Number of protein chains: 2
Amino acid sequence: MEKVVRSINPHLSVDCVIFGFSTSQLKVLLIQRDYINEEGIPAQDYKLPGDFITTREDLDHAAARTLNELTGLQNIFLKQFAVFGKPDRISRKADLNWLKATTGTDIHRVVTTAYFALINISESDRNYALKNKASWIDVNRVPELAFDHREIMEKGLHHLQNSLRNEPIGFELLPEKFTIRKLQTLYQVILNCKLDNRNFRKKVLKAKYLVQLDEKQEGVAHKPAYFYSFDKITYDHNKKNSLGFNF
Amino acid sequence: MEKVVRSINPHLSVDCVIFGFSTSQLKVLLIQRDYINEEGIPAQDYKLPGDFITTREDLDHAAARTLNELTGLQNIFLKQFAVFGKPDRISRKADLNWLKATTGTDIHRVVTTAYFALINISESDRNYALKNKASWIDVNRVPELAFDHREIMEKGLHHLQNSLRNEPIGFELLPEKFTIRKLQTLYQVILNCKLDNRNFRKKVLKAKYLVQLDEKQEGVAHKPAYFYSFDKITYDHNKKNSLGFNF
DNA sequence: ACAAAAGTGTTTTTAATACACCCATGA
DNA sequence: TCATGGGTGTATTAAAAACACTTTTGT
């Protein structure tokens, strides 16, 4: 988080849980933070990307701005998923120190709106650059985080899992062209389960929103797989107005 | 909303979309508001129950407090579902006037966290009293609302429909003891669809969390129905860790 | 020729849907 | 005895799950 010149609203912030998928791992984008610990010694830890909102800024805009300032990306899948407003969510001395150092004012209570974002960080498609000491970290290897950011991250992960079960959002984490196996791996990793590849294939192809491309994998030491892409128009068109209930 | 003596945080509020079910209608609890309209003339409309939060109050607490002050009820199903933070969400003159009149200060921007609540208002179980000009209004007959409360209400309704499909929350709207037909009607009304009664019965009884009581309806001019109750323990116990996906 | 992942079909089981009549009660 | 909503069973269709081998490529 950089020092801001425009006037900020010190009561309200946004935090982004930004997910990416690469090398068969689900990753989250974290920012390294330098702070002064309880003993007055400089230390480092991680935090979620986030920022205060400016005085007349929409929350969604603040989240998109945060993401854009960090990655340079625009038009990213971004969705509000929760608010964190416990009065003592900022109470550790290290956190209070850090806020004072970065904002220049004493800040005690901040209500933050959490967003989750999905980014395609595939090898082939790295048309963005990270700034601000940001790095992708495997969700299973997230270190201790600042504030209540662990809680926020975990709630975001839950949200991702839930959405993945009910909406076609997995594609947001993949490049334009992907193999069905990659999609399956993505489901397996995020939902933390094993899926039968024949049944998976059958299921996703029965719906009509995956279109097979002429292109195949190249240079792989096995039978090359076809690439597919997601056809959102077809999806929106045959979206079932599911009336059933499953509780 | 009453004038508060304790110190409030004028940037943050909670609003509650409180649902109830009676006489086969889904209802929402609204508060009549007296305000001065654009022409300076006293007028009335409706708003959602809500309040500013106090300076060191948790958001969830503020929502529970709002609900309690209004109905006297405690331990009600209450869940945060969205934040509304557009900088111009309070912009109509009538709304600004009203805020000034009720709080005594000029307030322009308020970010509100919306909660939805489920209350059992069944005929038989009316162990609470409404205060503050509150009344139950059929969701299909909601008049114009203050601020962006219509948007909030509609998003809350969506949320209810979604939750109803995926979690056993319908019971929160019914008395302890209910007939299966009442439950079916509730689903039909909220999801706005028709369900086959044989299939409905089969489905809800296959799961094991409905327990038939010895008691039957009395004084009805037709074959009396058995009462059932929801067994949350059984539900939690066999909750399926659903791995499937349905998008 | 071997390793590695891609791709394919059938059977079984389970869940969803469609559909029509008799039952118990109060008026 | 009539009107009202309660309660039941079966057959059909669709979806999910289980399961093992052949194909194509690079090395």
Side-chain angles (χ1 to χ4, degrees), chain A residues 23-24 122-123 164-166 168 174 177-189 191 193-229 238-247, chain B residues 23-24 122-123 164-166 168 174 177-189 191 193-229 238-247:
Chain A
T23 62
S24 298
S122 81
E123 304 68 42
L164 192 65
R165 268 191 262 275
N166 300 304
L174 293 173
K177 307 167 181 180
F178 52 86
T179 65
I180 291 192
R181 265 300 163 70
K182 266 273 177 292
L183 185 64
Q184 184 181 341
T185 307
L186 185 148
Y187 271 82
Q188 291 178 154
V189 168
L191 300 181
C193 65
K194 277 198 182 138
L195 299 169
D196 179 271
N197 60 351
R198 299 175 213 153
N199 293 335
F200 183 84
R201 185 167 272 270
K202 223 180 297 170
K203 182 158 177 171
V204 297
L205 290 179
K206 183 147 44 85
K208 289 290 179 240
Y209 43 71
L210 285 191
V211 298
Q212 186 176 19
L213 307 177
D214 288 335
E215 212 173 329
K216 290 184 188 185
Q217 288 178 313
E218 277 172 29
V220 288
H222 57 77
K223 181 171 176 179
Y226 276 99
F227 285 109
Y228 288 76
S229 71
N238 334 0
K239 207 181 329 198
K240 42 190 164 196
N241 31 350
S242 67
L243 287 178
F245 56 95
N246 329 291
F247 66 88
Chain B
T23 62
S24 299
S122 81
E123 305 68 43
L164 192 65
R165 267 191 262 274
N166 300 305
L174 294 174
K177 305 166 181 183
F178 51 86
T179 66
I180 291 192
R181 263 300 164 70
K182 266 272 176 295
L183 185 64
Q184 183 183 341
T185 307
L186 184 148
Y187 271 82
Q188 291 179 155
V189 169
L191 300 181
C193 65
K194 275 197 184 140
L195 299 169
D196 179 271
N197 58 350
R198 299 164 174 129
N199 294 335
F200 182 83
R201 186 166 272 271
K202 223 181 298 171
K203 183 158 176 171
V204 298
L205 291 178
K206 182 146 46 85
K208 289 292 178 238
Y209 42 73
L210 285 191
V211 297
Q212 186 177 17
L213 308 176
D214 288 335
E215 213 173 329
K216 290 184 186 184
Q217 287 178 314
E218 277 172 29
V220 287
H222 54 77
K223 179 172 175 179
Y226 276 99
F227 286 108
Y228 288 77
S229 72
N238 340 357
K239 205 180 331 195
K240 42 191 165 193
N241 32 347
S242 68
L243 288 177
F245 56 96
N246 330 291
F247 67 87

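These figures come from a predicted structure and were not determined experimentally.
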Ring centers of A:F245, B:F200 separated by less than 6.0 Å: yes

Nearest-Å distance for atom pair [atom1]/[atom2], residues [X] and [N]:
X: A:F200; N: C:dA5; atom1: CZ; atom2: P; value: 18 Å
X: B:N197; N: D:dG9; atom1: CG; atom2: P; value: 14 Å
X: A:K206; N: C:dT8; atom1: NZ; atom2: C1'; value: 17 Å
X: B:Q184; N: D:dG7; atom1: CD; atom2: P; value: 11 Å
X: B:D196; N: C:dA20; atom1: CG; atom2: C1'; value: 11 Å
X: B:L195; N: C:dA18; atom1: CG; atom2: P; value: 11 Å

Heavy-atom pair of closest approach, residues A:S24 and A:T185: OG-CG2, 3.7 Å

Any N/O donor-acceptor pair, B:K202 side-chain to C:dT14 base, under 3.5 Å: no

N/O donor-acceptor pair, side chain A:R198 with base D:dA17, under 3.5 angstrom: no

Protein-nucleotides 24-27 of chain C N/O pairs under 3.5 Å:
unit_1	atom_1	unit_2	atom_2	d
C:dA24	N3	B:K223	N	2.8
C:dT25	O2	B:A221	O	3.2
C:dT25	O2	B:H222	N	3.2

Separation of B:Q217 CD from B:T179 OG1 (nearest 0.5 Å): 5.5 Å

Distance, nearest 0.5 Å, that separates CZ of A:R201 from CG of A:L183: 10.5 Å

Sub-4.5 Å side-chain heavy-atom contact between B:Y228 and B:L213: no

5'-most by nearest nucleotide on DNA chain C - A:Q217 or A:N199: A:Q217

Sugar-phosphate only, base, or nothing, as touched by A:K203 at under 4.0 Å among non-hydrogen atoms: sugar-phosphate

N or O in side chain of A:R201 less than 4.0 angstrom from C:dT8 OP1/OP2: yes

Whether over 12 other heavy atoms sit under 6.0 Å from B:K177 NZ: no

Heavy-atom neighbours of A:Y226 OH exceed 12 at 6.0 Å: no

